[in-house]
There are 2 protein chains.
Amino acid sequence: MSSASDIHSLTMLIRKLESIATLTNEERQAILSLPAKTRVLQPGQDIARDGDKPSQCCLILNGWACRYKVLGEGRKQIFSFHIPGDIPDLQSLHIHTMDHSLATLTEATVAFIPHESMRELTTRFPGVKAALWRDTLVDAAIFREWMIGMGRKSAFGRIAHLFCEMYLKLQAVGLAGGYRYPLPITQIDIGDALGLSNVHVNRTLQAMRGKGLISLRSNTLVIEAWDELMRVSEFDPTYLHLEKRAA
Amino acid sequence: MSSASDIHSLTMLIRKLESIATLTNEERQAILSLPAKTRVLQPGQDIARDGDKPSQCCLILNGWACRYKVLGEGRKQIFSFHIPGDIPDLQSLHIHTMDHSLATLTEATVAFIPHESMRELTTRFPGVKAALWRDTLVDAAIFREWMIGMGRKSAFGRIAHLFCEMYLKLQAVGLAGGYRYPLPITQIDIGDALGLSNVHVNRTLQAMRGKGLISLRSNTLVIEAWDELMRVSEFDPTYLHLEKRAA
DNA sequence: CGCTAGCTTGACCTAGATCAAATATGGTGG
DNA sequence: CCACCATATTTGATCTAGGTCAAGCTAGCG
């Protein structure tokens, strides 16, 4: 059942989908009437675990989450960071067993939407289905871009690329502007995402500060030289497939 | 228009889709009646290039292909290997601009299917649409698994993992069995896929041969110790989401 | 005010890169 | 059948980005 505040929260999903696709008024209305149960989660809490068979999707309303998998001996790989508007486990609609885990990185507000409701929605509105499929494809495009980083870029380029990517993603849903945004994750998280040790992330961040590319204090990232940051990281935003191209 | 030989070729697509989903008789029939233009391509030929806006999908009937992107200074990242039954540019249905390239690795037979025909098919048969969406999601799962390799595994583990993965994928469409398969790619290709230099790929392959895990001569890979290969590469086939689980 | 999670620094080490040259190998044309 | 060529593979020597280990430091919070 949707309450007044849930309706506001589903606006976040509309904003996200409209950053990569176009929706009709009817489709927006239908999304707004999705039933969603909202919960506030603590940082570091698992939302879905490797092996689970979820019966609902989760929409991030506030805070950050990540998808990850742990291997032996404390090795961990983060696959993606998720921000408000994202449905990080959208794939569970079509792939019934989780092959990785999903957890909050910060305190987070999330809305749970039953698969059943999602299926009704996508059956009635093929345009919404297309937008969601497209979202999973953009997701895959981001994975590919991270693969380039881990396969062929230096630590410096990888981190710089991540900072560019998150800026555009946040900006697309109205959560960043003026080349600055809240970055509420640890250097260990950055390392686990990019295949680096926390020590090396730390040293590389200092180098980036030293070159005047960024400043990062108390979880606020300021990009001091956007063009240069894009250049050194070989960042080309095409792969995000944003409808309204940002600066 | 489909000729007799095209009908045979679309069987390959059915086989692939049935490895990850179930199809009704009606759906199989509809797939068989897709129009497809078949062509034979030389090795190393681009099928679609970064920046293109394709109006058709390409189905691999014979040979191998790969998706890749080139950066400056000869650096190249291969994102995926594709084998018969795959539609490597399926995403072009929903993402209109290519953000990477697609090329043959060997001489290859491919069938081109107009987007329009794919759209008709998926509109009439939601089950086929679901199977194709699922295919793009499995694709993304494979990207994630490669990310684990590049981020957190040794060269040895990465190559071993690739060998396990390709065996199950080939087996799923009937192109491998008895722990052996044709591997018609160079050591440079393997390096470009896994983020390694050709020299190091070579040395690692020798180590794998030395340990009696594989043999590889004249483009034929024999897995001499499947269990051990799985173990050293931390290979867990769950992420392939195959309907009929292989050995 | 003290605890704890995160950040920073230093010393040292290693997997894998790079560079350069030598061999295979598999066609091709004669 | 052979000589030739281009493409792969293999080997050796050397180098470096980034890992590992261990110890301080700092800041926010109860």
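Remember, predicted model here, so these are calculated numbers, not experimental data. Letters go in sequence order (proteins before strands), and every chain restarts at 1.
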### Task
Assess B:Lys37 against B:Phe112: is NZ or CZ under 6.0 Å from the centre of the six-membered ring, and within 45 degrees of the ring's axis?
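The answer is no; the distance or angle limit is not met.
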### Message
Is the positively charged end of B:Lys169 above the ring of B:Phe81, judged by distance under 6.0 angstrom from the centroid and angle within 45° of the axis?
### Response
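Not flagged: B:Lys169 not positioned over aromatic ring of B:Phe81.
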### Exercise: do B:Asn202 and B:Gln187 side chains pair donor with acceptor under 3.5 Å
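Judged by distance alone, the side chains do pair up.
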What is the separation between atom [atom1] on [X] and atom [atom2] on [N], rounded to the nearest whole Å?
X        : N      : atom1 : atom2 : value
A:Met150 : C:dG16 : CE    : P     : 15 Å
B:Glu107 : C:dG27 : CD    : P     : 12 Å
B:Glu73  : C:dA17 : CD    : P     : 16 Å
B:Leu194 : C:dG16 : CG    : C1'   : 13 Å
A:Met208 : C:dC7  : CE    : P     : 15 Å

### Query
Do A:Arg144 and B:Asp99 sit within salt-bridge range, that is, some charged N less than 4.0 Å from a carboxylate O?
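A salt bridge links A:Arg144 with B:Asp99.
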### Task
Run the salt-bridge test on B:Arg75 and A:Glu234 with the 4.0 Å N-O cut-off and return the result as yes or no.
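Salt bridge flag = yes for A:Glu234 with B:Arg75.
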### Task
Assess whether salt bridge (Lys or Arg N to Asp or Glu O under 4.0 Å) is satisfied between A:Arg49 and A:Asp52, documenting all intermediate values.
CA-CA 5 Å; A:Arg49 250 182 280 258; A:Asp52 282 359; 5.2 Å; no
### Task
Could you tell me whether a side-chain N or O of A:Asp192 sits under 3.5 Å from a main-chain N or O of A:Ile78, the two making a donor and an acceptor?
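No, because the side chain of A:Asp192 does not come within donor-acceptor range (under 3.5 Å) of the backbone of A:Ile78.
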#### Entry: Bend angle of the helix from C:dC1-D:dG30 to C:dG30-D:dC1, end axes from five pairs each (to 10°)
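That helix gives 40° between its end axes.
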Taking N or O atoms only and anything under 3.5 Å, show me the protein contacts with nucleotides 24-30 of chain D, one pair per line.
none

### Task
Using the salt bridge (Lys or Arg N to Asp or Glu O under 4.0 Å) rule, take B:Arg209 and B:Glu224 through it: C-alpha gap first, then chi angles, then the decisive distance, then the call.
CA-CA 9 Å; B:Arg209 282 189 272 242; B:Glu224 307 281 3; over 6 Å; no
### Task
State the OG-NZ distance between B:Ser233 and B:Lys153, to the nearest 0.5 angstrom.
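Those atoms lie 6.0 Å apart.
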### Stepwise ring pair (Phe, Tyr, Trp, His ring centres under 6.0 Å) test for B:Trp226 and B:Tyr167
CA-CA 10 Å; B:Trp226 172 257; B:Tyr167 180 64; 5.4 Å; yes
#### Entry: Base versus backbone protein contacts along nucleotides 8-19 of chain D [heavy-atom cut-off under 4.0 Å; B, S, -]
SSBBBB----BS
### Residue pair B:Tyr239, B:His161: steps toward the ring pair (Phe, Tyr, Trp, His ring centres under 6.0 Å) verdict
CA-CA 12 Å; B:Tyr239 74 99; B:His161 194 277; 5.7 Å; yes
